[in-house]
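Labels below follow one simple rule: chain letters A, B, ... track the order of the sequence lines, proteins then strands, and each chain is numbered from 1. Everything numeric in this text was worked out from a predicted model, so none of it was measured.
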Amino acid sequence: MTHPGWNAFSFDGIGTSWEISTPEELQEDVRAGLLGVVEDYDRSYSRFRDDSLVSALARGPGTVTLPAGASELEGLFKTLYRLTGGAMTPLIGGSLERLGYGHDYAVRPLGHPVPAPRWEDVLVWKGAVVSSSAPVVLDIGAAGKGQLVDLLAAVLRGTGITEFLVDASGDMLHSGTEPLRVALEHPYDPTQAIGVVELHDGALCASAANRRAWGDGLHHVLDGSTGRPVETVVATWTMAATAMEADALATALFMVDPKVLAEEFEFSWLKVYSDGHAEYSAGFEGTLFS
Amino acid sequence: MTTPLRKGLLVGAAGLSLASSVAACAPSAQGSTPQKTSTITGPYKDGTYSADGDYFSPNGGETVGVQLTLSGSTISAVNITVHANNPNTREFQGQFKNGIAAQVVGKKLDEINVTKVAGSSLTSEGFNKAVETIKSEAK
């Protein structure tokens, strides 16, 4: 329960658990609308289902037309691809599959890590239209969950609801007059928090290397230039106006110095390293326990 | 500033039964990622046991040390030590306009007044592996 007396609408979507909290119970047609948006998103972007649009690109060269929101992903991924020197890329899917995080969740490496193909070599992405000159495993996961949070928030706003929290298992967007206190989960111990942040009219996203880990050092945050898991950073948190940006920036913080990202994005950040020390921007000042 | 190489996290409490000790890690506030449970059926010899479990960190080689004290087939004490083998000091210079905490400090979720949690929902696999090792040692 987000605030006392609020209602929660819970469901599963794109491989995670969702909870949408509102002061009044959501009408049946609003719920159906929300679930429809989730299903559309999954059918477009999931690399885990054969009937998705991106799966067509994995089968061979070709062109697909994604939903309209794809142009926002395009801009975001292009900027982050540039700022991270290719480390953060939507072409990381093949590298993930190579390490066992694919279709069948084999969760064992299929071979040595492989770097992602270079964007400029295989992919032309203009707005909603994406063409590949080779089979590519497009993975927009770094920003996709966040974008879906934003899309569901838009559905709520479209029906006149202004007070809500959309929570996709820890990546969330808050709207309303009353701020929400959110615990920052301890990266080594899920029964503990390392701090509390006050979220008000904005998005908070987290990324952690151990969230979907399945073997020694094999986790889902990969460096696209080597195809290997990123080292040293254990967990990141970001706050931004949209969940799509916050989500993507939380991943980008694993690859690049926050100063580089701060040159082009308005956001707050917190990084926790494997030795237990933390670094943060002004927006996270005073949130950590001491 | 010195970088601590070992960090102790006291996560246990006296009197936990072995069967419920790991399941108890699931934070109730979120309830999204299923936590693995370790089912242990006794009897076990009393004593203090230690084992390392792989910690699936970005550093690859890191481990968690788990120390359990068993008495009467229940865990009377748990201590987890994170062996941080890749201390990172390179970014200490030139970062003064941003904040740095030398060590993050954990507080129990039920001791702080929150309804939402943002984080990793770490699978406690490393912990569970170490418990498995201890189970076989304690037979």
TODO: Rounded to the nearest 0.5 Å, what's the gap from NZ on B:K116 to CG on A:L180? Could you check?
DONE: 8.0 Å
TODO: Tell me, please, which residues at least two apart from A:E285 pass side-chain contact (heavy atoms from CB on, under 4.5 Å).
DONE: A:Y280
Task: chain B contacts, top residue of A:I194, A:L184, A:L165, A:D12 (heavy-atom pairs, under 4.5 Å) - done: A:I194
- [ ] Identify the heavy atoms of B:G106 and A:H186 that sit nearest to each other, and give their distance.
- [x] CA-CD2, 3.8 Å
Open item on the list: Restricting to non-hydrogen atoms, name the atom on B:I112 and the atom on A:F289 that form the minimum distance, rounded to 0.1 Å.
Closed with: CG2-CZ, 3.7 Å
Task: Smallest separation among heavy atoms of A:V182 and B:A118, with atom names - done: CG1-N, 3.7 Å
Open item on the list: Can you tell me which of A:S290, A:G195, A:A183 forms the most heavy-atom pairs within a distance under 4.5 Å of chain B?
Closed with: A:A183
Open item on the list: Looking at every non-hydrogen atom in both residues, tell me the closest pair between A:M172 and B:V117 and how far apart they are.
Closed with: CE-O, 3.8 Å
Open item on the list: Just to verify, what does A:D42 make a side-chain contact (heavy atoms from CB on, under 4.5 Å) with, not counting sequence neighbours?
Closed with: A:I14, A:S46, A:R49
